[in-house]
Amino acid sequence: MTNFKPLALTIIFCFFVSSHCTIIIPKNNNGNLIQQTCKQTPNYAICIQYLKSDPRSSDADITGLALIMVDIIKSKANTTLNKINQLIKKKQEPSQKEALNSCAGRYKAILVADVPKSVAALKQGDPKFAEDGSNDAAVEATTCENGFKGKSPLSNENIAMHDVAAITAAIVKQLL
């Protein structure tokens with residue numbers, strides 16, 4: 001019987017320690033989901049860059065990643081619209097001013113129609129409308145770029161918008 005006392009004490013001690021210890025599980029690193037999601041987009045590197053730069057992506061599901069990308073579309077549209085408004089204030093030749101005004105309307109459409117439509121659709125679980133909104137934003141940027149006769153002063157912004165919108169549409173498509 002005396003041989004069982006050390007064993008019993010060991011078992012009791014182990015039970016006592018384990019019942020009072022908290023097991024720390026590291027927060028889910030969403031790197032794999034981000035990588036797998038971005039592999040299915042037209043530009044893996046840009047997708048990774050944007051998603052990893054947003055702290056919300058660390059615990060987001062695919063819908064959350066899509067919402068982050070829609071926020072990036074919104075941010076880029078606001079930045080581009082501000083640049084367009086500054087360019088319009090400068091003295092421009094008529095065709096340049098006309099193209100800039102057209103672009104302003106297109107970027108306003110992204111902000112007042114495409115972005116809200118995409119956000120609402122994602123939150124309501126209707127990704128098809130979010131995909132449409134993202135694709136519309138890409139088309140608006142391309143149409144803006146094509147509206148200039150000669151060199152566009154918005155090429156960098158239009159290309160960036162097109163790329164971000166195409167990536168967003170590809171992420172949303174994964175929800176279909």
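In what follows, residues are counted from 1 in the order of the sequence shown.
- Residues D71 and Y50 bring no donor and acceptor atom of their side chains to less than 3.5 Å of each other.
- In plain terms, the two heavy atoms of T168 and A66 that are nearest each other are CG2-O, 4.1 Å.
- Ion pairing between a basic and an acidic side chain is recognised when a charged N comes within 4.0 Å of a carboxylate O; K76 and E157 show no such pairing.
- Residues E140 and A109 share a closest heavy-atom pair of OE2-CB, 3.9 Å.
- Summarising the geometry, atom CG belonging to N85 is positioned 9.5 Å from atom CG belonging to L100; distances are rounded to the nearest 0.5 Å.
- Panel note: side chain Q174, backbone T37; a donor-acceptor pair is recorded below 3.5 Å.
- A 4.5 Å side-chain heavy-atom check between D136 and K117 finds at least one atom pair inside the cut-off.
- In this structure, T41 contributes its side chain and A170 its backbone to no donor-acceptor pair below 3.5 Å.
- By the 4.5 Å heavy-atom criterion applied to side chains, S53 and Q49 are not counted as neighbours.
- Taking every heavy atom of both residues into account, A121 and A130 meet most closely at CB-N, 3.5 Å.
- Under the 3.5 Å distance criterion, the side-chain polar atoms of S152 are left unmatched by any main-chain donor or acceptor of F148.
- Distance OG/S134 to CE/M69: 9.0 Å, rounded to 0.5 Å.
- Test L67, D114, I73 against V119 for side-chain contact (heavy atoms from CB on, under 4.5 Å) and you get one pass: L67.
- How far CD1 of I159 is from CD of E145: 6.0 Å, rounded to the nearest 0.5 Å.
- What you find for L51 and S57 is that their closest heavy atoms are O-OG, 2.6 Å.
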- [ ] Quick one: do N158 and Y107 satisfy side-chain hydrogen bond (donor to acceptor under 3.5 Å, both in side chains)? Show the steps, please.
- [x] CA-CA 10 Å; N158 288 328; Y107 276 90; 2.5 Å; yes

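- Under the side-chain contact (heavy atoms from CB on, under 4.5 Å) rule, N43 has a single partner from V164, I48, I167, which is I167.
- Side-chain contact between N101 and I84 is absent, with no heavy-atom pair separated by less than 4.5 Å.
- Listed for the K83 side chain is no donor-acceptor partner under 3.5 Å among the backbone atoms of N78.
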